[in-house]
2 protein chains.
Amino acid sequence: MDKQNKYFLSENNVPFQEFFKFGLSVDCVVFGYHKGQVSVLLVERDAEPFKGSWALPGDLVNLDEDMDEAAGSVLRKLTGLENIFMEQFYSFGSVQRHPAGRVATVAYYSLVNSDEYKPKASAWTKSIQWFDIRSLPKLAFDHDQILDKGIRTLQRRVRYRPVGFELLPTKFTLSELQELYEALLNAKFDKPNFRKKILSMELLRPLEEVQENVSHRPAKLFQFDENRYQELRKEGFAFDITLKTN
Amino acid sequence: MDKQNKYFLSENNVPFQEFFKFGLSVDCVVFGYHKGQVSVLLVERDAEPFKGSWALPGDLVNLDEDMDEAAGSVLRKLTGLENIFMEQFYSFGSVQRHPAGRVATVAYYSLVNSDEYKPKASAWTKSIQWFDIRSLPKLAFDHDQILDKGIRTLQRRVRYRPVGFELLPTKFTLSELQELYEALLNAKFDKPNFRKKILSMELLRPLEEVQENVSHRPAKLFQFDENRYQELRKEGFAFDITLKTN
DNA sequence: TCAAAAGTGTTCCGAATACACCCATGC
DNA sequence: GCATGGGTGTATTCGGAACACTTTTGA
């Protein structure tokens, strides 16, 4: 205590240990996308408090664990997902946000191509499920607020950074890309203009392959070119798909 | 403990209390602006660790204090500033970022019209001082990293939200505004084009007043119209001052 | 041949750029 | 008058918007 007290000489005479009584958690807004629908992965809690309620996947951080690391662990343990795009977006720290004590939480969002991924419950979750972001249940804690902020953050970032591609399979058609943006931003774009805009950036590598088993002219497949993006960024290029919505 | 254990049934069998051993702090990047110079307020620490080093103003959060509230308090206690624009931007939580124990920190930035404000040291700070953001000292803890992220965040946000005005006096000339943006973004703009762009948004209310005691044609004074901005926002207007840099 | 979606081209319009020029003030 | 910044006008360019059109496939 003496050793510690010399570290924090704050005005108020609160003993040092009083400060080290916070819980720290990470919560994750996992976005998925499939055929025009943007969804979010929620878990059904099998523990108090809010047992039986839906909540964002999240957990307390261990003392010997970096925060970013913890975020990855949560995802792996609660959803089985690994090596997924993840980014911190906001932290929530009001006094009464957790009934069991003072817990601050750092929120991350991650992007998954939900096509193949079939979630499965684990540990202290009764079940786990995708929810369309247009019809969400009431959530535990302040997770409604966190999720809301997560959605807004994604909608903003997706316009200025090429993160949307994380929600698609590696190979995709331009129409699929357009549908994705329309779903994310809840808008409609003009097809020719969308194509021109996205192609003019020269971030998509056209493949030799085309769609198969479609009863119409098969579409060319494209792939996002990460290297190209990094190059352009160095030259001051700014990704931007602001287009007029119909 | 029994009561508490039912709240967190996580996979690992770490006792519940082990999770409530975090310190939580807030750190604040206070931006100031004066005559073409963007600066940041730093304090010289008068306590271990890093006694004598420059650091961002920050402090541990009290258990009964909301995080946002704490951010405001820090500013008031360490700098005397009150009712200042403040926004959270990122959190830092690696295990070893604080030598005294596990402390996660939530970073805020705030914007001050530094013209009149003369900082004065207080509490556990030896001194407090403005530093031009182009020549910064090495900082304590991971504050270099926090400050760097703060600067980048401001540079991004200032282009898409009318926050820059917080750095100017209530009444300002268009040239002053342009200089501010040029300093923030480290760029040069074409004067006629800058004016047209900013005036076309109709966010500035022209006043009847003009500059005084200048040995050239006196400039008109303007004022940012917050109400007008809120109106426009509802109609879908997006603030944007992306201009070609000369 | 028809439906369905892929994919292209062209005109129009507005906003950003580049740049020349005029205006008001103090000294 | 002239230096100094304030302030304006305009031709040009470029990119987004609107919209009509052609192409390729399966059935």
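Here is how names work: the chains are called A, B, and so on, in the same order as the sequence lines, proteins then strands, and each is numbered from 1. Bear in mind that the values here come from a model prediction, so they are computed numbers and not experimental data.
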inquiry  = Holding to salt bridge (Lys or Arg N to Asp or Glu O under 4.0 Å), I want the full list of residues that pass it with B:Lys191, two or more places apart in sequence or in another chain.
reply    = none
query = Between A:Lys77 and A:Glu82, does at least one N-O distance fall below 4.0 Å, as a salt bridge requires?
reply = no
inquiry  = So, taking the atom named OH in A:Tyr109 and the one named CD1 in A:Ile84, what distance separates them when rounded to the nearest 0.5 Å?
reply    = 13.5 Å
message = Just to verify, which of A:Arg228, A:Arg233, A:Lys234 counts as forming a salt bridge (charged side-chain N to carboxylate O under 4.0 Å, His left out) with A:Glu231?
response = A:Arg228
query = Would you say the side chain of A:Phe85 lies within less than 4.5 Å of the side chain of A:Val112, judging by non-hydrogen atoms?
reply = no
ask   = So, do B:Lys149 and B:Thr153 sit near enough that their side-chain heavy atoms are less than 4.5 Å apart?
value = yes
ask   = Base, backbone or nothing for each nucleotide of nucleotides 10-18 of chain C, written B, S, -, heavy atoms under 4.0 angstrom, 5' to 3'?
value = B-----SBB
request  = Report yes if some heavy atom in the side chain of B:Asp144 is under 4.5 Å from a heavy atom in the side chain of B:Lys138; otherwise report no.
outcome  = yes
query = Bend across the helix from C:dT1-D:dA27 to C:dC27-D:dG1, to 10°, with axes taken over 5 pairs at each end?
reply = 10°
query = Does the distance from a Lys or Arg side-chain N to an Asp or Glu carboxylate O, for B:Glu208 and B:Lys220, drop under 4.0 Å?
reply = no
key: Cationic N near anionic O, under 4.0 Å, A:Glu179 to A:Lys35   = no
query = Does the side chain of A:Thr105 pick up a donor-acceptor pair with the side chain of A:Asp27 at under 3.5 Å?
reply = yes
ask   = Mind checking what makes ring-ring contact (aromatic ring centres under 6.0 Å, His included) contact with A:Phe172, not counting sequence neighbours?
value = A:Phe165
Contact interval (first through last nucleotide) of DNA chain D with protein chain A, 4.0 Å heavy-atom = D:dG16 to D:dG26
List, with names and distances, any nitrogen or oxygen atoms from the protein found under 3.5 Å away from nitrogen or oxygen atoms belonging to nucleotides 3-6 of chain C.
| from | atom 1 | to | atom 2 | distance (Å) |
| --- | --- | --- | --- | --- |
| C:dA6 | OP1 | A:Ser175 | OG | 2.8 |
| C:dA6 | OP2 | A:Ser175 | OG | 3.0 |
| C:dA6 | N7 | A:Lys191 | NZ | 2.9 |

message = In whole Å, I'd like the distance from the CG atom of A:Leu199 to the P atom of C:dG7.
response = 10 Å
request  = Given side-chain contact (heavy atoms from CB on, under 4.5 Å), test B:Asp142 with B:Phe92 step by step and report yes or no.
outcome  = CA-CA 9 Å; B:Asp142 53 355; B:Phe92 300 80; 3.9 Å; yes
